[in-house]
Amino acid sequence: MRRITLINGDGIGPEISDAVVKIIEASGLKIDWDIQTAGADVIEKEGTPLPERVLKSIKENKIALKAPVTTPIGKGFRSVNVQLRKALDLYANLRPCKNLPNVKTKFDNVDIVVVRENTEDLYAGIERQVDTDTAESIKVITRKASERICKFAFDYAVKNNRKEVCVVTKANIMKLSDGLFLESYRKIAENYPEIKKREILVDNLCMQLIQNPSQFDVLVLPNLYGDIVSDLCAGLIGGLGVAQGANIGLDYAVFEPVHGSAPDIKGQNKANPTALLLSAIEMLKYIGEFSYADRIEKALFKTLANGIFTADLGGTASTKDFTDAIVQNL
Ligand code: NAI
């Protein structure tokens, strides 16, 4: 039986994790979940939101499904997510954004995959106070990280029958840093003659995404643009409740929704488990369980097509109603 780390998170994390575990169980797929607590709730007992045992578990199992965890503000704790990405060298952040059946949005033909570099850029956290009225942040772009994320994007495109990989930069202004990212893309692109190439500036991309998102296929971006553009794309398909994600490295992969721990609706049986479920479906595909992934996806889509929605999508179904409907459809 496949053993997978499950970080059930805090806030709405445990509710949506329970829902997803129940749905996967109902599909007939047997998974040995190695449940690891992390986040705000474990700080008191273990002194850190990311105890060593969590990393050890992921290193052993190689794959994790992660519900959101709260990052305490102003107490000196670094984000668990940023720590995980660093500790496991999860260099690629993958966010597929595709319209879901019956979920009404401004566009009905969005099918974009955002591939975001996850380890450097302004996220390197190198900042200094020059004087009381001046602060500086340093943008770090390396050839190694740029080439490997571009290779990841092209490999993903080939594996998933995608037609185009578009690189997004502001290389007209940041000629050295974004220029290096663009140069790396051009070099890697030469190895993929079957995939269409496209280069776009990030400001133009945002305008085009709002006007005509269906023209885009796979996007590859440095960290900060990737962060912003992936939330924009999540908005195009119905918002946080349905936006899935994954952090992937050479040795390990952590699948998680885009949203946070939603403390405002914690424990109210209101949370939408779709984003975590879609992340789990992507995880099942990643480990080669395509038929189960497909069955679960069909059951989810049927539930949505039948108009069963949680409150964030304008419906009246509770987390439990929604989960039960998916189980029924399986
Ligand atoms: P959030 O994503 O938790 O919530 C924003 C809004 O969206 C809230 O109104 C919430 O109720 C709603 N929402 C989010 N997910 C939902 C779902 N599945 N179903 C229905 N409604 C949903 O963002 P916020 O409030 O900024 O952050 C709360 C905490 O989460 C913070 O401590 C933050 O650091 C943490 N966080 C953790 C992440 C992770 O673990 N990957 C990612 C983002 C934030």
Side-chain angles (χ1 to χ4, degrees), residues 5-20 23 36-43 48-50 54-55 58 64-88 90 93-95 97 100 103 114 116 118 123 223 226-228 230-235 237-248 253-283 300 303-304 308-323 326:
T5 302
L6 174 66
I7 301 173
N8 58 2
D10 52 40
I12 59 168
E15 301 164 55
I16 57 174
S17 303
D18 287 352
V20 168
I23 291 164
Q36 296 288 332
T37 50
D41 293 351
V42 306
I43 294 175
T48 165
L50 183 64
V54 181
L55 289 173
I58 301 175
L65 181 64
K66 178 181 161 294
V69 295
T70 306
T71 297
I73 298 170
K75 286 189 192 156
F77 290 108
R78 279 179 60 212
S79 150
V80 168
N81 304 307
V82 175
Q83 279 188 66
L84 263 181
R85 287 169 199 170
K86 273 229 148 97
L88 302 172
L90 304 171
N93 185 282
L94 183 69
R95 289 191 181 172
C97 295
L100 292 165
V103 176
V114 178
R116 163 187 170 194
N118 227 359
Y123 273 70
N223 206 340
D227 183 28
I228 298 165
S230 57
D231 271 30
L232 194 164
C233 291
I237 56 156
L240 286 173
V242 298
Q244 59 166 312
N247 294 294
I248 299 176
V254 177
F255 294 80
E256 63 174 345
V258 170
H259 64 74
S261 56
D264 53 331
I265 56 166
K266 172 186 174 178
Q268 296 175 27
N269 196 19
K270 262 192 189 166
N272 186 352
T274 301
L276 183 64
L277 184 59
L278 287 168
S279 308
I281 291 169
E282 195 70 23
M283 177 188 81
L300 166 67
T303 305
L304 295 169
I308 299 174
F309 295 122
T310 44
D312 57 308
L313 295 179
T316 54
S318 66
T319 310
K320 185 174 180 308
D321 297 336
F322 186 71
T323 307
I326 298 173

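This chain uses plain numbering: 1 for the first residue, then up along the sequence. First listed ligand is number 1; within each ligand, the first listed atom is number 1.
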Any idea which atoms of ligand 1 are less than 4.0 Å away from a heavy-atom of [X]?
X      : answer
Ile265 : 11 (O), 20 (C), 21 (N)
Ala271 : 19 (N)
Lys66  : 39 (C), 40 (O), 41 (N)
Val258 : 42 (C)

Which part of [X] is near ligand 1, with near meaning a heavy atom under 4.0 Å away: side chain, backbone, both or neither?
X      : answer
Thr70  : both
Pro263 : side chain
Leu276 : neither
Asn272 : both

Is any side-chain N of the basic residue among Asp18 and Lys320 closer than 4.0 Å to the acidic one's carboxylate O? no
Atom pair [atom1]/[atom2] of [X] and [Y] - distance to nearest 0.5 Å:
X     : Y      : atom1 : atom2 : result
Arg95 : Asn247 : CZ    : CG    : 8.0 Å
Ile12 : Gln268 : CD1   : CD    : 10.5 Å
Gln36 : Ile58  : CD    : CD1   : 8.0 Å

Which residues pass the side chain to side chain donor-acceptor pair (under 3.5 Å) test with Thr310, sequence neighbours left out? Asn272, Asp312
Can you confirm, on distance only, whether ligand 1 has an N/O atom lying under 3.5 Å from any N/O atom belonging to [X]?
X      : result
Ala262 : yes
Val69  : yes
Leu240 : no
Asp312 : no

Looking at ligand 1, is there an atom of it that comes within less than 4.0 Å of some heavy atom belonging to Lys270? no
Look at ligand 1 and say whether Ala275 reaches it with a heavy atom at a distance under 4.0 Å. no
Filtering Gly260, Ala67, Ala38, Gly239 for the heavy atom nearest atom 1 (P) of ligand 1 leaves Gly260
Just by modelled atom types, is the Pro68 backbone N or O under 3.5 Å from a matching donor or acceptor in the Glu256 side chain? no
Determine yes or no for a side-chain-to-main-chain donor-acceptor pair under 3.5 angstrom, with Asn118 supplying the side chain and Leu90 the backbone. yes
Shortest non-hydrogen separation from Val103 to Ile237 and the atoms involved: CG1-O, 3.9 Å
For Ser17 and Ala67, work out which heavy atoms get closest and say how close. OG-CB, 3.4 Å
Could you pull out all residues at least two apart from Phe255 that satisfy ring-ring contact (aromatic ring centres under 6.0 Å, His included)? Tyr286
